[in-house]
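Start at 1 and go down the list; that is how both ligands and their atoms are numbered. The shown structure was predicted, so the numbers you read here are calculated from the model rather than taken from an experiment.
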Amino acid sequence: MNVLGIYGSPRENGNTDLMLDSFLEGCASGGAVINRVYVRQLHFSGCLECGGCDATGECIQEDDLVQVYPLLDESSHIVIASPIFFYGVTGQVKLLIDRSQAPYMRRELAKKQGIDPMLESRRRGFLLCAGATRGKKLFDCAVITVKYFFDALSVHYAGEICHRQIEEKGAIRRSPGALEDCFRAGREFVEVE
Ligand SMILES: Cc1cc2nc3c(=O)[nH]c(=O)nc-3n(C[C@H](O)[C@H](O)[C@H](O)COP(=O)(O)O)c2cc1C
């Protein structure tokens, strides 16, 4: 069992970093091997919509995502953490998600051969989010975007933890039980069959 944690905030040690750190500690306590990707450290572009992956399911761009694609393909569990930026995931996360067009095409190619990888997949995904305001629909866009990201990867969406009214760096530490909940959710994430 290996868990890929995707850190989607540009702010180091910010709220969603702390949430993901605790979640991954929970996963590790359940025996998982952890890999971490810090999107802010990567140099890559968005999808070029060049159609280069249409026939192969492989992206033609040679950038830092070359190292990330195998982790997206092979991890049994994926957890992505993002603050809310203008009612969605960060631009950095969205660029990464757009680049999952290549695995999406691979899935479509498999379907044409009569195989739906989603039906056979036991891979699971989770979302962690924080936003500053109280908006009723604050997390709607992020949730649906990440659900489709996981779908492209044949990963079953297992749930989310989203916190409102969390703004300045480290504010999540002052939210009673928030990081403990992330730890527990991480542990459950890898224990559920
Ligand atoms: C560019 C930018 C856009 C933001 N947009 C929103 C928003 O639309 N709604 C909201 O509630 N908070 C918004 N925020 C606040 C962050 O979501 C919030 O501070 C969050 O806790 C940051 O998490 P982090 O420390 O993991 O980066 C925005 C912050 C920035 C810098």
Side-chain angles (χ1 to χ4, degrees), residues 2-30 32 34-47 63-65 67-68 71-72 75 77-100 124-150 152-153 155 157-190:
N2 42 57
V3 179
L4 173 62
I6 301 175
Y7 289 77
S9 174
R11 182 156 71 173
E12 193 177 358
N13 296 323
N15 298 309
T16 53
D17 273 23
L18 294 171
M19 290 171 74
L20 185 49
D21 286 344
S22 295
F23 190 94
L24 292 175
E25 278 171 32
C27 296
S29 76
I34 311 295
N35 287 298
R36 292 175 172 82
V37 165
Y38 296 90
V39 182
R40 58 180 171 264
Q41 294 175 353
L42 303 176
H43 296 281
F44 65 101
S45 325
C47 174
D63 56 21
D64 286 358
L65 289 196
Q67 284 111 52
V68 177
L71 295 169
L72 293 176
S75 301
H77 296 65
I78 301 177
V79 49
I80 184 159
S82 177
I84 297 298
F85 279 10
F86 289 90
Y87 266 82
V89 293
T90 61
Q92 292 87 338
V93 166
K94 187 58 167 57
L95 287 187
L96 172 68
I97 289 178
D98 289 354
R99 290 285 295 280
S100 66
R124 306 178 75 235
F126 204 93
L127 168 67
L128 303 171
C129 259
T133 61
R134 302 195 319 192
K136 190 165 167 243
K137 297 186 173 180
L138 187 55
F139 303 109
D140 288 9
C141 183
V143 168
I144 198 162
T145 300
V146 169
K147 279 184 178 172
Y148 277 96
F149 171 52
F150 287 152
L153 299 170
V155 167
Y157 189 81
E160 72 270 336
I161 295 180
C162 298
H163 282 282
R164 291 180 169 77
Q165 294 183 280
I166 301 293
E167 186 160 20
E168 71 273 21
K169 189 172 177 177
I172 194 73
R173 289 188 199 277
R174 296 193 297 280
S175 181
L179 295 179
E180 291 79 1
D181 287 348
C182 288
F183 180 94
R184 243 187 327 272
R187 177 75 182 237
E188 283 168 14
F189 184 51
V190 296

Self-check item: Phe23 and Phe126 aromatic ring geometry - parallel, tilted or perpendicular at 30°/60° bounds
Solution: tilted
For residues 80-90, please give each side-chain donor-acceptor pair under 3.5 Å, one per line with the distance, not counting sequence neighbours.
residue, atom, partner, partner atom, Å
Ser82, OG, Thr90, N, 3.2
Thr90, OG1, Gly8, O, 2.8
Thr90, OG1, Val93, N, 3.2

Practice problem: Using atom types as modelled and distance alone, determine if a side-chain donor or acceptor of Asn15 lies under 3.5 Å from a backbone N or O of Ala130. | Solution: no
Self-check item: Pairs satisfying side chain to side chain donor-acceptor pair (under 3.5 Å), at least one member in residues 164-176, at least two apart
Solution: Glu168-Arg174
Quiz prompt | Expected output: side-chain Ser22 to main-chain Leu18 donor-acceptor under 3.5 Å | solution = yes
Quiz item: What does the list of residues with a heavy atom under 4.0 Å from ligand 1 look like, ordered by chain and number?
Solution: Ser9, Arg11, Gly14, Asn15, Thr16, Pro83, Ile84, Phe85, Phe86, Tyr87, Ala130, Gly131, Ala132, Thr133, Leu138, Ile166, Glu167
Exercise. Using the test side-chain hydrogen bond (donor to acceptor under 3.5 Å, both in side chains), find all partners of Asp17 that sit at least two apart in sequence or belong to another chain.
Key: Arg40
